[in-house]
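Just so you know, residue 1 is the first one in the sequence shown, and it goes up from there. Side chains included, hydrogens not; waters and symmetry mates left out as well; all remaining heavy atoms used. Being a predicted model, the structure only gives us computed values, none of them experimental.
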Amino acid sequence: MRPEKATIVADLSTKLNQSPFLIVTEYTGMNVLLFSELRSRLAGAGAQCRVVKNTFLRRAAAEVGYPDLAQNLSGQTAIVTGESDVCAAAKILKGFSAQFHKPSVKVGVLDKAIISKEQIRELADLPAKDVLQSQLLGVLKSPLQKLVTLLNEPAASLARLLKARVEQEQSAAS
């Protein structure tokens, strides 16, 4: 392999190692303006989209220990990588694809395991990370709140009983 090609593969391998996910898309038929719009939307979610040659991606994926992607690499390929949130990138791809009918998602890799385009669609349908965290907090908080109420009830009942007794004595004295 020529040195410049080895450099491209090494750079691509570095990108794949730094990203917790990879989404492979086919961008056939997209013009420069449309591709630029997709890149800017993905950048807002901390993700990047770049065009790659299938052979370079195949070699880089093998170098970083990804499963074999060869059967999914045909046509004009662009990859989406990111810093952390695969759901945000998947959501943007889904919305963009619904709006412009391009790009089409082929396959993804998450935690070094292949995920199908249907699974990527399911990731896109998940609520935002903040919403999921607040839902989890609500689930964790609910039993604790019930426990505090249960432990507090005997003391509250005694206080209500004493108050009623005091009011009864005051009304009897008047």
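S104 places none of its side-chain heavy atoms less than 4.5 Å from the side chain of Y27. Using a 4.5 Å heavy-atom cutoff, the side chains of P103 and M30 are in contact. Taking the side chain as every heavy atom from C-beta outward, Q119 and L123 never approach each other to under 4.5 Å. Taking the side chain as every heavy atom from C-beta outward, S116 and R121 never approach each other to under 4.5 Å. Looking at heavy atoms from C-beta onward, I115 lies out of side-chain contact with V109 at the 4.5 angstrom threshold. V80 is listed as a side-chain neighbour of F21, based on a closest heavy-atom distance under 4.5 Å.
In this structure, I120 and V107 approach most closely via the heavy-atom pair CD1-C, 3.7 Å. Pairing each heavy atom of K112 with each of N17, the nearest pair is NZ-OD1, 4.5 Å. In terms of heavy atoms, L42 sits closest to A89 at CD2-O, 4.0 Å.
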Side chain to side chain contact (heavy atoms under 4.5 Å, CB included) evaluation trace for Q18 with T14: CA-CA 6 Å; Q18 291 173 346; T14 303; 3.6 Å; yes
Trace of the side chain to side chain donor-acceptor pair (under 3.5 Å) decision for S157 with E153: CA-CA 6 Å; S157 293; E153 187 55 36; 3.0 Å; yes
Candidate pair L73 and V24, rule side chain to side chain contact (heavy atoms under 4.5 Å, CB included), full reasoning: CA-CA 8 Å; L73 298 179; V24 180; 4.0 Å; yes
Worked verdict on S36 versus R39 for side chain to side chain donor-acceptor pair (under 3.5 Å): CA-CA 5 Å; S36 178; R39 281 183 169 168; over 6 Å; no
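Of the possible donor and acceptor atoms, none in the side chain of K102 sits under 3.5 Å from a partner among the backbone N and O of L34. In terms of modelled atom types and a separation under 3.5 Å, the side chain of S134 and the main chain of V131 share a donor-acceptor contact.
No more than 12 heavy atoms of other residues, nucleotides or ligands shown are found within 6.0 angstrom of NZ on K117.
In the model, E167 has no side-chain atom that pairs as donor or acceptor with a side-chain atom of S171 under 3.5 Å.
Here side chain to side chain donor-acceptor pair (under 3.5 Å) pairs that include residues 52-69, with residues two or more places apart or in two chains, are S13-E63, N54-T77.
For the side-chain contact (heavy atoms from CB on, under 4.5 Å) with I79, the qualifying choice from L22, T25, V51 is L22, the only one to do so.
In summary, D11 and R50 engage in a salt bridge, as defined by a charged side-chain N under 4.0 Å from a carboxylate O.
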